[in-house]
There are 2 protein chains.
Amino acid sequence: MASSRWIEHVYETLAAAGLNRSSARDRVIEVLSGQDCALSAAEIEHRLRAAGRPTARATIYRALDLLVEHGLVERVIVGEGQARFEPLEPGGHHHHHLVCVQCGRLVAFDDPGLERAIDDLSDRLGVTVDSHEVLLHGACDRCEATA
Amino acid sequence: MASSRWIEHVYETLAAAGLNRSSARDRVIEVLSGQDCALSAAEIEHRLRAAGRPTARATIYRALDLLVEHGLVERVIVGEGQARFEPLEPGGHHHHHLVCVQCGRLVAFDDPGLERAIDDLSDRLGVTVDSHEVLLHGACDRCEATA
DNA sequence: CACCATAATGAGACTGAGACTCATTCTCAC
DNA sequence: GTGAGAATGAGTCTCAGTCTCATTATGGTG
């Protein structure tokens, strides 16, 4: 769950970027902040509508783009078809996800060994790696336990 | 470039699975076999049309699904929006890709260290990893050299 | 407070990938 | 050759995400 610290960080960052305050964007930020797992744009739209605060799809996408652009939210691509968005804690460590093939849950993890292995690749391949994504498919700890 | 050996392997596998031979599917297989980098379904459609052998989109998707299902083709997800398909050599080693942020080229690579790091994750996280995807973004060796 | 430039919003049309449908056509074992 | 089942094609449909543009909100300035 993203902390209220995250919300503050978001507002500070957006203000520092010289952006206006806007109620629709605030709504999107609020929904994201109260959420543990990554949400899709459609889920955010539904939640806002359910909360009696319907918000145009374009507005939601604009807010998400902006947040991603400022490093406040991470766009997580889980397979095809739909991007998911996840609050990025200020000093948050870089992490990746496992998609549970049984329950569909998205589980975050980080691993120094994995990061090191990827860092080492640059030299070996003669390429410059700007960023990387790792996505695992498998059974999460919960499903694993009940199997 | 996928070898003619790949084509043979594909036909053997599909025949062993009790599937009929079909000209449309053969066309898709042929386009894939002549290609080094991963193709999107749309690209395959265009090539077939350009070659005077137009083929219905649904047929192309069906053929690709089938090939992926039988482990003959790999579905590579490069960002959002569009899957790409790549022939998978019979004894082909597991590999990943780097998307060049400059030229857009998709470069394949493999790395035992990376695979090991991912294997080690299962125990540490208490999950069972069935499969994994790694995607790097950066400058490929060609663009790196000319930079 | 009033004004204005600019930023943001909302509604809906649009796009593009991919899935679905169903009538027609092809394959292949007999 | 024939018939059952597989495959095809043309088109429709869905769904995520983008674009447009008229309207509205924001915040600095006089």
Side-chain angles (χ1 to χ4, degrees), chain A residues 10-11 13-32 38-49 51-70 72-86 106, chain B residues 10-32 38-49 51-70 72-86:
Chain A
V10 169
Y11 286 147
T13 306
L14 296 183
L19 293 161
N20 284 354
R21 192 67 181 267
S22 97
S23 59
R25 195 151 59 208
D26 287 1
R27 272 176 260 153
V28 173
I29 292 168
E30 196 195 315
V31 169
L32 278 171
L39 290 170
S40 68
E43 281 165 356
I44 294 172
E45 188 181 5
H46 293 152
R47 280 177 197 228
L48 287 173
R49 184 174 307 282
R53 299 183 299 176
T55 304
R57 201 174 322 148
T59 302
I60 294 171
Y61 280 108
R62 273 188 290 243
L64 290 171
D65 285 349
L66 197 72
L67 293 168
V68 169
E69 212 170 280
H70 287 85
L72 300 164
V73 157
E74 190 189 8
R75 178 182 270 114
V76 185
I77 294 166
V78 181
E80 290 171 83
Q82 194 178 43
R84 303 186 80 81
F85 300 86
E86 188 178 66
L106 197 62
Chain B
V10 169
Y11 288 147
E12 278 166 26
T13 307
L14 296 183
L19 292 161
N20 285 353
R21 191 69 181 265
S22 97
S23 59
R25 195 150 59 207
D26 287 0
R27 273 176 260 153
V28 173
I29 292 168
E30 195 194 316
V31 169
L32 279 170
L39 290 170
S40 67
E43 280 164 357
I44 294 172
E45 188 181 5
H46 294 152
R47 282 180 195 224
L48 287 172
R49 183 175 308 283
R53 300 183 297 176
T55 304
R57 203 173 318 149
T59 302
I60 294 171
Y61 280 109
R62 274 188 289 244
L64 290 171
D65 284 349
L66 197 71
L67 292 168
V68 168
E69 212 170 281
H70 287 85
L72 300 164
V73 157
E74 190 189 8
R75 178 182 270 114
V76 184
I77 293 167
V78 182
E80 292 172 78
Q82 196 178 41
R84 303 187 79 83
F85 299 86
E86 190 178 64

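Here is the naming used below: chain letters follow the sequence lines, and residue numbers restart at 1 for every chain. Keep in mind the model is a prediction, meaning the values are calculated, not measured.
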Colleague: Between A83(B) and S23(B), which is nearer to the 5' end of DNA chain C once each is assigned its nearest nucleotide?
Modeller: A83(B)

Colleague: What is the separation between atom CG on D26(B) and atom C1' on dA7(D), rounded to the nearest whole Å?
Modeller: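 After rounding, the reported distance stands at 12 Å.
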
Colleague: To the nearest 0.5 Å, what is the distance between CD1 (I60(B)) and CD (E45(B))?
Modeller: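 Result: 5.0 Å between the selected atoms.
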
Colleague: Rounding to an integer number of Å, can you tell me how far R49(B) CZ sits from dT8(D) P?
Modeller: 16 Å

Colleague: Taking CZ from R57(B) and C1' from dA19(C), how many angstroms apart are they, rounded to a whole number?
Modeller: 11 Å

Colleague: Nearest of dA7(C), dG18(C), dT20(D) to any side-chain atom of A58(A)?
Modeller: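 Output: dT20(D).
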
Colleague: Check every strand shown and say whether T59(B) touches a base, only sugar-phosphate, or nothing at a heavy-atom separation below 4.0 Å.
Modeller: base

Colleague: Distance check, rounded to the nearest 0.5 Å: L72(A) atom CG versus T13(A) atom OG1?
Modeller: 4.5 Å

Colleague: Salt-bridge test for R47(B) and E43(B): reply yes if a basic N is under 4.0 Å from a carboxylate O, no otherwise.
Modeller: no

Colleague: Could you check how far CD1 of I77(A) sits from P of dA17(C), rounded to whole Å?
Modeller: 16 Å

Colleague: Check the distance between dG9(D)'s C1' and I44(B)'s CD1 and give it to me in whole angstrom.
Modeller: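 Going from CD1 in I44(B) over to C1' in dG9(D) covers 17 Å.
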
Colleague: Among dT8(D), dG18(C), dA8(C), which nucleotide sits nearest the side chain of N20(A)?
Modeller: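 Nearest to the side chain of N20(A) among the choices is dA8(C).
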
Colleague: Is any side-chain N or O of S22(A) closer than 4.0 Å to OP1 or OP2 of dT9(C)?
Modeller: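 The answer is yes; a side-chain N or O of S22(A) sits under 4.0 Å from OP1 or OP2.
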
Colleague: For a quick test of reading the model: is some side-chain N or O of R27(B) closer than 4.0 Å to OP1 or OP2 of dG9(D)?
Modeller: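 It does, given that an N or O in the side chain of R27(B) lies less than 4.0 Å from OP1 or OP2 of dG9(D).
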
Colleague: Which part of the nucleic acid, if any, lies within reach of S40(B) when heavy atoms closer than 4.0 Å are counted: base, sugar-phosphate only, or nothing?
Modeller: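 S40(B): no heavy atom of the nucleic acid under 4.0 Å.
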
Colleague: Measure CZ/R62(A) against P/dA16(D) and give the value in whole Å, please.
Modeller: 18 Å

Colleague: Heavy atoms from C-beta onward define the side chain here; which of dT8(D), dG5(D), dA16(D) lies closest to that of Y61(A)?
Modeller: dA16(D)

Colleague: Can you figure out which of dT26(D), dA16(D), dG10(C) approaches the side chain of Q82(A) most closely?
Modeller: dA16(D)

Colleague: Do R75(A) and D65(A) touch side chain to side chain, with heavy atoms closer than 4.5 Å?
Modeller: yes

Colleague: Atom CD1 of I60(A) to atom P of dA16(D): distance rounded to whole Å?
Modeller: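 After rounding, the reported distance stands at 12 Å.
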
Colleague: Between atom CZ in R21(A) and atom P in dT9(C), what is the gap in whole Å?
Modeller: 12 Å

Colleague: Is a side-chain donor or acceptor of R25(A) paired with a backbone partner of N20(A) at a separation under 3.5 angstrom?
Modeller: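 Side chain of R25(A) to backbone of N20(A): a pair is present.
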
Colleague: Among dT27(C), dA10(D), dT9(C), find the nucleotide with the atom closest to the side chain of A56(B).
Modeller: dA10(D)

